[in-house]
Amino acid sequence: MSFLVLISKIIFKNENNTFNSNLMNEANERRYKMALGNLKSRRFLFTFAFLSLFIMGTVLIFLIPTSIKITYGLTAQSEDGETIVFNVFEPKKEEIGRKAIILGHGIMDSKEWMKSYAIEFAAAGFIAVTLDFRGHGMSSGELNWSRLIYDVKAIITYLNSRGDIDMNNLGYLGFSMGGWPGNQIVKNNSAFKCFIGVGTFLNITKAEIQNRTLNILMIQAKFDEVFTLEGTKDAMGKRLNMTPEDIVVNRLYGSFQNGNASMIYLDDDADHVSLAWDQDVIREARDWLLNTFPDVMPVDSNFYVNIRAVIFFLQLFSGLFLFYFIITPLSNVLIKNPDEPPNIDFPNESIKRIMIKTLFYSLILGIPGMLMMIPILFLSPLPLASAMVMFLFGQIVGIIILLWRMCKKNNKSLREMLKIPFKISKDQLVRQIIMGIILAALLYTIIYVSVGLNYLGIAPSIYKYPWFPLYFAITLCIMIIFSILFQITLQPKLSAGFKGIFHSTLLFFGYMMLFLVSYITSLCLIVNNYFLMMVIVISTPILLLIAINSAYLYQKTGNIFTGAIINTFFMTCVICAFSPLVNVLNLIPVSYTHLRAHETSLHLVCRLLLE
C-alpha cells in the first residue's frame with residue numbers, strides 16, 4: 001500500500017512539474033512574442049522616421065534657396081560637334097541686361113562640383129552656368145585640353161541666344177582644370193571683366209590685357225596638392241609687373257573702379273579638393289563678383305553654404321540609416337532560412353598575424369599585380385577607372401598568395417577555399433543576388449540624390465555604358481576575394497553583434513587605407529608632385545562605406561554575395577563617373593604654354609621636358 005502511495009506521489013509530482021513547466025513555457029513564449037512585437041514596432045518607427053527625414057532633407061536641399069530658379073540638363077553644341085550639358089542658376093525675378101558668369105570644373109569632376117558657387121552667385125543676382133566639359137559628366141566627346149575652349153564658347157552662344165544677358169559684362173570662374181580654358185577665353189575676349197581662378201594657374205600678363213577691364217582673383221589653398229603659392233605669386237607678378245617676393249597674399253592690388261583689381265586669396269585650412277565647397281572661398285568669390293559688377297543687386301542677402309551643408313548631412317545620414325534598417329526585414333522576406341555563415345578556420349593564425357601578413361604581401365606584390373592590368377589601362381578610354389581597378393587588383397594578388405600559403409600550411413586547398421562562398425543552394429544564391437540588386441539600387445539612389453546631385457557627380461554618362469560591364473566584372477571578383485579574407489576568414493574570429501561588425505569594419509578599412517596611403521605617398525615623393533594625394537581624400541569615405549557594407553551584410557545575410565554586389569555596383573558607378581573619356585596618351589596636357597604656366601623654381605622639369 002505504501003508503495004502505491006509513493007508511486008502515486010511521484011506521478012502527481014511529475015504531472016505538477018509538467019504543468020508548471022508548461023505554464024512557464026507559455027509565459028516565456030508570450031514574453032518573447034511581446035518583445036518581438038515591440039522590436040518590430042520600434043524598427044518600423046525608426047524606419048519611418050529615417051524615411052521621413054530623408055524625404056524632408058531631399059525636398060529642402062532642392063528648394064533652398066527659394067529666391068532662385070535652377071534648370072537642369074540643358075544642352076549646347078560646340079563648334080566641333082560635341083554635346084555639352086549644363087545647368088543654369090538664376091534669380092526668379094526676370095529682367096533685361098543681367099550679368100552672367102560661367103563656371104568650369106576640374107579634371108575628374110563634373111558640373112555638380114560647382115553647384116555651391118553657382119547657388120551663391122544666383123542669390124547675389126547673377127546668371128550662373130555650370131557645364132560638363134567634354135569627356136566629363138554627361139557631355140559627349142573625349143577630353144582634349146586644346147578643345148575645352150570650344151565648350152566654353154558653346155555656353156557663350158547659349159547666353160547670347162537668351163536675349164536677357166549683358167554680353168559685354170561676363171565673368172568666368174575656373175576650378176583646377178577649368179582654369180585652362182578660362183585663361184584663354186578671358187584673355188582673348190574683352191567681354192569678360194572678371195576672372196576667378198580657384199586652385200588653378202594664371203597665364204595672363206599685364207601686356208596682354210592693356211587698356212581693358214579685367215579683375216583677377218586667384219584663390220590658393222595652403223595645403224594644395226597641385227598648385228603652389230610660389231607658382232601663383234610668380235604668375236601674379238607677371239600680371240602686376242612685380243617680383244613674386246613682394247606680393248602679399250590677401251592684399252588688394254589695383255582697384256575695382258579702375259578695372260585692374262588683383263589679389264591672391266590664401267585659405268589657410270583648405271586643400272585642393274575642399275576648395276570646391278569651402279565656405280570662406282565661396283564667400284570671397286561671391287564678394288569679388290559683386291565688387292566687379294556693383295550695379296547688380298542681390299536678390300537674397302543670406303549665405304546658404306552652411307545651411308545647405310546641414311540639410312545635406314541630415315539627408316545623407318538619414319538615408320544611410322534607412323538603408324541599414326531596411327536590410328533586416330528585407331533579409332527576413334527574401335532569405336527566410338539563411339545558411340550558416342561560411343567561415344574558414346586557421347587555428348594557428350591570430351587576427352594580428354593575418355593582418356600583418358596581409359599588408360606585407362599586398363605591399364610587396366602590389367606592383368606586379370598592377371602591372372598585370374596594364375592592358376586594360378591602354379585599351380579602355382577610361383584610364384582613371386582602369387588605374388583604380390589596377391590599384392585594387394594589386395592588393396588582391398597579394399591576398400591570394402597569402403591565402404595559398406596559409407592553406408598549404410594548414411593542409412587545405414586554395415581552390416576549395418575559393419569555392420566556399422558558392423557552396424549554398426541555388427535558391428539561396430538567387431535570393432542573395434536579388435537582395436544585392438535591390439539594396440544596390442537603394443543605396444545608389446540615396447547617395448545620388450544627396451551627394452551626386454549636389455556635390456559630386458556619380459552618374460556615368462551613356463557614353464561610358466559600354467565599358468561598365470568590364471569594370472563591374474573585374475570589381476566583383478575583387479570584392480569577393482576581399483570578403484573571403486575579411487568576412488569568411490577573419491570576421492568569425494571576432495565577437496558577434498555590433499562589436500564584431502565594428503571590429504571587422506575597422507580591420508578592412510584600416511588595411512585599405514594603409515595600402516592606399518603607402519602607395520600614393522611613395523609615388524608622390526618619387527615624382528615630387530602631390531596631385532595624387534587628392535585620391536586619398538576622395539577615397540576615404542568610399543572605402544569606409546565599402547567596409548561597413550561588407551561586415552554588416554555578412555552578419556545579416558549569412559553570405560558575402562549581397563555585400564559584394566552592392567559594393568561592386570557603387571564602386572563601378574563612382575570610378576566610371578569620375579574618369580573622363582580620354583585616350584591615355586592625351587591625359588596629360590603637353591602645351592608648352594600650359595607647362596610654363598605651372599613652372600616655378602620647383603618645377604623646372606617642365607622646361608627640361610620640352611627643351
Side-chain angles (χ1 to χ4, degrees), residues 31-54 313-345 350-352 354-355 358 421 431-432 435-436 438-440 442-443 446-447 450 479-480 482-514 540-567 570:
R31 283 196 293 269
Y32 172 74
K33 288 182 178 179
M34 288 178 61
L36 186 62
N38 290 335
L39 180 62
K40 288 182 178 179
S41 298
R42 286 197 297 270
R43 182 180 289 122
F44 173 79
L45 289 175
F46 276 114
T47 302
F48 180 77
F50 288 130
L51 176 61
S52 300
L53 288 173
F54 176 71
F313 283 113
L314 170 70
Q315 178 197 23
L316 176 62
F317 286 106
S318 61
L320 291 177
F321 278 116
L322 171 66
F323 170 76
Y324 290 114
F325 265 86
I326 283 177
I327 288 174
T328 297
L330 185 62
S331 178
N332 292 337
V333 172
L334 288 177
I335 310 174
K336 297 179 180 178
N337 300 304
D339 299 328
E340 280 294 316
N343 65 82
I344 303 166
D345 186 28
S350 66
I351 294 176
K352 183 179 179 180
I354 293 176
M355 287 303 302
T358 300
R431 289 174 180 272
Q432 292 274 354
M435 184 171 174
I438 293 172
L439 289 175
L442 176 61
L443 180 63
I446 290 169
I447 296 178
S450 55
M479 291 300 168
I480 289 175
F482 273 139
S483 294
I484 287 175
L485 174 64
F486 287 96
Q487 273 62 65
I488 296 180
T489 304
L490 291 177
Q491 195 161 333
K493 292 177 176 288
L494 302 168
S495 56
F498 175 79
K499 190 175 180 181
I501 294 173
F502 175 77
H503 287 156
S504 179
T505 299
L506 196 61
L507 289 175
F508 192 4
F509 175 68
Y511 158 75
M512 289 192 290
M513 287 303 299
L514 282 173
T540 300
I542 297 172
L543 297 180
L544 178 60
L545 184 63
I546 288 173
I548 294 172
N549 288 343
S550 299
Y552 189 78
L553 285 155
Y554 173 71
Q555 186 169 107
K556 293 297 181 181
T557 65
N559 208 291
I560 62 174
F561 285 111
T562 301
I565 291 170
I566 294 169
N567 289 335
F570 175 67

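Both backbone and side-chain heavy atoms feed into the values below; hydrogens, waters and symmetry mates do not.
Counting heavy atoms from C-beta on, the side chains of L439 and I565 never come closer than 4.5 Å. Using a 4.5 Å heavy-atom cutoff, the side chains of F486 and M355 are in contact. In this structure the side chain of L320 reaches within 4.5 angstrom of the side chain of L443, judged on heavy atoms.
Note that the CD atom of Q315 and the CD1 atom of I447 stand 11.0 Å from one another [nearest 0.5 Å]. Here the CZ-OG distance, from F313 to S318, works out to 12.5 Å after rounding to the nearest 0.5 Å. Distance check: L507 CG to Q491 CD gives 9.5 Å after rounding to the nearest 0.5 Å. Here OG1 of T489 is found 6.5 Å from CD1 of I354. Values are rounded to the nearest 0.5 Å. Going from atom CZ of R431 over to atom CG of L334 covers 7.0 Å, rounded to the nearest 0.5 Å. Put simply, CD1 on I566 and CE on M435 are 7.0 Å apart, with the number rounded to the nearest 0.5 Å.
The two residues Y554 and I488 have their closest heavy-atom pair at OH-CA, 4.0 Å. Nearest heavy-atom pair across S504 and Q487 is OG-NE2, 3.3 Å. Smallest separation of non-hydrogen atoms from I446 and L316: CG2-O, 4.5 Å. Of all non-hydrogen atoms in A551 and T505, the two that sit nearest each other are CB-OG1, 3.5 Å. Considering every non-hydrogen atom in both M512 and L543, the closest pair reads CE-O, 3.6 Å. When every heavy atom of N559 is checked against every heavy atom of P421, the shortest pair comes out as ND2-O, 3.4 Å.
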Check against side chain to side chain contact (heavy atoms under 4.5 Å, CB included), L485 and F508: CA-CA 9 Å; L485 174 64; F508 192 4; over 6 Å; no
Check against side chain to side chain contact (heavy atoms under 4.5 Å, CB included), Y511 and F482: CA-CA 11 Å; Y511 158 75; F482 273 139; 3.8 Å; yes
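Checking side-chain atoms of N549 against main-chain N and O of N567 turns up no donor-acceptor pair under 3.5 Å. When atom types are taken as modelled, the side chain of S483 and the backbone of M479 share a donor-acceptor pair closer than 3.5 angstrom. Side-chain atoms of Q432 never come within 3.5 Å of backbone atoms of I560 as a donor-acceptor pair (strictly under, hydrogens ignored).
With F46 as the fixed residue, the ring-ring contact (aromatic ring centres under 6.0 Å, His included) test singles out one of F321, Y324, F325: F325.
Taking the six-membered ring for Trp and the full ring otherwise, F50 and F323 have centroids separated by 6.0 Å or more.
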